[in-house]
Amino acid sequence: MPRPKKCRRVCSLPPSSAFLPVDGGAQKQPVILTVDEYETVRLIDKEGLSQEACGTYMEIARASAQLIYASARKKIASALVDGLPLKIEGGDYRLCSGTDASCGFGGCGRHRRCCGQPDKHSTGGIMMKKIAVTYENGNVFQHFGHTEHFKVYDAEDGKITGSSVADTNGSGHGALASFLRGLGVDTLICGGIGGGARTALSEAGIQIYGGVSGDADEAAAALLAGSLHYNPDASCGHHHDEEHAHTCTEHGCGEHHHAEHHRKEQN
């Protein structure tokens with residue numbers, strides 16, 4: 001008997017499921033890219049993961065990830081070179097619930113499906129339980145590494161059911177991921193954030209919505225409503241003295257000057 005295919009874990013369905021040529025090629029036979037093939041392209045080409053890391057996230061062997069990725073690239077090349085429509089559908093996959101201990105994205109699943117069979121427990125919505133917002137004077141604070149307070153919202157069925165303000169007690173960016181995880185947070189809304197902090201939050205299973213400004217309460221409500229304007233590539237724009245100059249992608253926002261920042265505020 002042939003060995004059954006292992007269900008490949010996918011973070012979420014693609015935002016666009018079809019791409020059509022503008023020169024009349026829409027009538028041609030489309031190239032079908034499966035959802036799991038799409039996921040390998042997203043992880044390897046967009047997120048920059050290795051094939052081994054891609055396999056880990058999808059819960060398949062590196063060799064399987066390599067074969068799926070090669071098939072995906074060939075199909076995309078055929079669509080581009082021959083001017084064929086490209087559709088993304090089908091495949092053997094399940095959508096991540098965002099609650100798996102090994103999930104590196106945290107809160108990423110929008111639905112859950114295994115090998116084409118819908119999960120009867122799926123709500124079809126964004127499964128969030130606790131949302132943290134970098135907080136200062138009612139607004140979204142813009143430098144994650146210098147955050148002194150988070151406003152934490154409890155959410156259920158797409159609505160905010162309660163909130164509280166948590167003091168970080170001077171924790172630097174390196175400890176903030178653990179601090180948030182300890183509060184049970186699965187989603188973060190913030191302004192600027194460095195690469196090191198992104199990595200730590202990802203490893204803690206916390207989904208990030210960066211580049212957000214304005215009223216914190218409104219941002220949390222907009223996220224649950226699916227209307228939040230954010231920048232997935234938002235970085236920290238905080239400047240440091242030349243003596244300790246570094247990029248935020250190297251250390252995260254505010255690592256060297258966190259204590260100095262507090263001293264200046266007290267003066």
Side-chain angles (χ1 to χ4, degrees), residues 9-15 57 94-114 118-169 171 173 175-193 197-234:
R9 185 175 66 182
V10 171
C11 185
S12 62
L13 292 175
Y57 276 120
R94 68 177 179 86
L95 283 166
C96 178
S97 66
T99 60
D100 298 340
S102 58
C103 178
F105 295 97
C108 56
R110 301 299 190 266
H111 310 272
R112 185 177 177 86
R113 177 183 299 181
C114 186
D119 186 341
K120 63 181 180 180
H121 299 296
S122 173
T123 64
I126 301 177
M127 302 300 293
M128 299 175 187
K129 295 182 179 179
K130 278 199 174 184
I131 303 169
V133 181
T134 51
Y135 190 71
E136 184 179 60
N137 298 326
N139 293 317
V140 180
F141 185 58
Q142 292 301 298
H143 300 297
F144 175 81
H146 289 305
T147 300
E148 296 183 355
H149 299 92
F150 288 101
K151 190 163 186 178
V152 181
Y153 302 83
D154 296 312
E156 185 175 353
D157 296 328
K159 297 180 180 179
I160 295 173
T161 58
S163 65
S164 61
V165 176
D167 192 328
T168 65
N169 296 315
S171 299
H173 85 284
L176 289 177
S178 297
F179 175 81
L180 291 174
R181 194 58 178 169
L183 295 175
V185 168
D186 53 46
T187 306
L188 170 70
I189 298 174
C190 62
I193 183 169
R198 282 182 175 277
T199 299
L201 289 164
S202 177
E203 291 175 348
I206 298 174
Q207 179 77 10
I208 306 167
Y209 293 84
V212 180
S213 59
D215 186 87
D217 293 348
E218 292 178 0
L223 178 60
L224 290 170
S227 59
L228 179 68
H229 295 289
Y230 69 99
N231 179 6
D233 299 317

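Numbering of residues begins at 1 and proceeds along the displayed sequence. Here the structure is a predicted model, which is why all the values come from computation and not from measurement.
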To the nearest 0.5 Å, how far apart are [atom1] in [X] and [atom2] in [Y]?
{"X": "T187", "Y": "L180", "atom1": "OG1", "atom2": "CG", "result": "10.5 Å"}
{"X": "Y230", "Y": "I189", "atom1": "OH", "atom2": "CD1", "result": "11.0 Å"}
{"X": "D154", "Y": "T161", "atom1": "CG", "atom2": "OG1", "result": "4.5 Å"}
{"X": "Q207", "Y": "I131", "atom1": "CD", "atom2": "CD1", "result": "11.5 Å"}
{"X": "F141", "Y": "H146", "atom1": "CZ", "atom2": "NE2", "result": "7.0 Å"}
{"X": "F150", "Y": "D167", "atom1": "CZ", "atom2": "CG", "result": "10.5 Å"}

Answer yes or no: is there a donor N or O on one side and an acceptor on the other, between the side chain of [X] and the main chain of [Y], under 3.5 Å?
{"X": "K130", "Y": "L183", "result": "yes"}
{"X": "T134", "Y": "F144", "result": "no"}
{"X": "Q142", "Y": "V212", "result": "yes"}
{"X": "S163", "Y": "Y153", "result": "no"}
{"X": "T168", "Y": "L176", "result": "no"}

Grab the two heavy atoms, one from [X] and one from [Y], that are nearest each other, plus how far apart they are.
{"X": "D215", "Y": "D217", "value": "OD2-N, 3.0 Å"}
{"X": "I208", "Y": "C190", "value": "CG2-SG, 4.2 Å"}
{"X": "L201", "Y": "L188", "value": "CD1-CD2, 3.6 Å"}

Using side-chain heavy atoms (C-beta onward) and a distance below 4.5 Å, is R198 in contact with I193?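 The answer is yes, as the side chains (C-beta and beyond) meet within the 4.5 Å cut-off.
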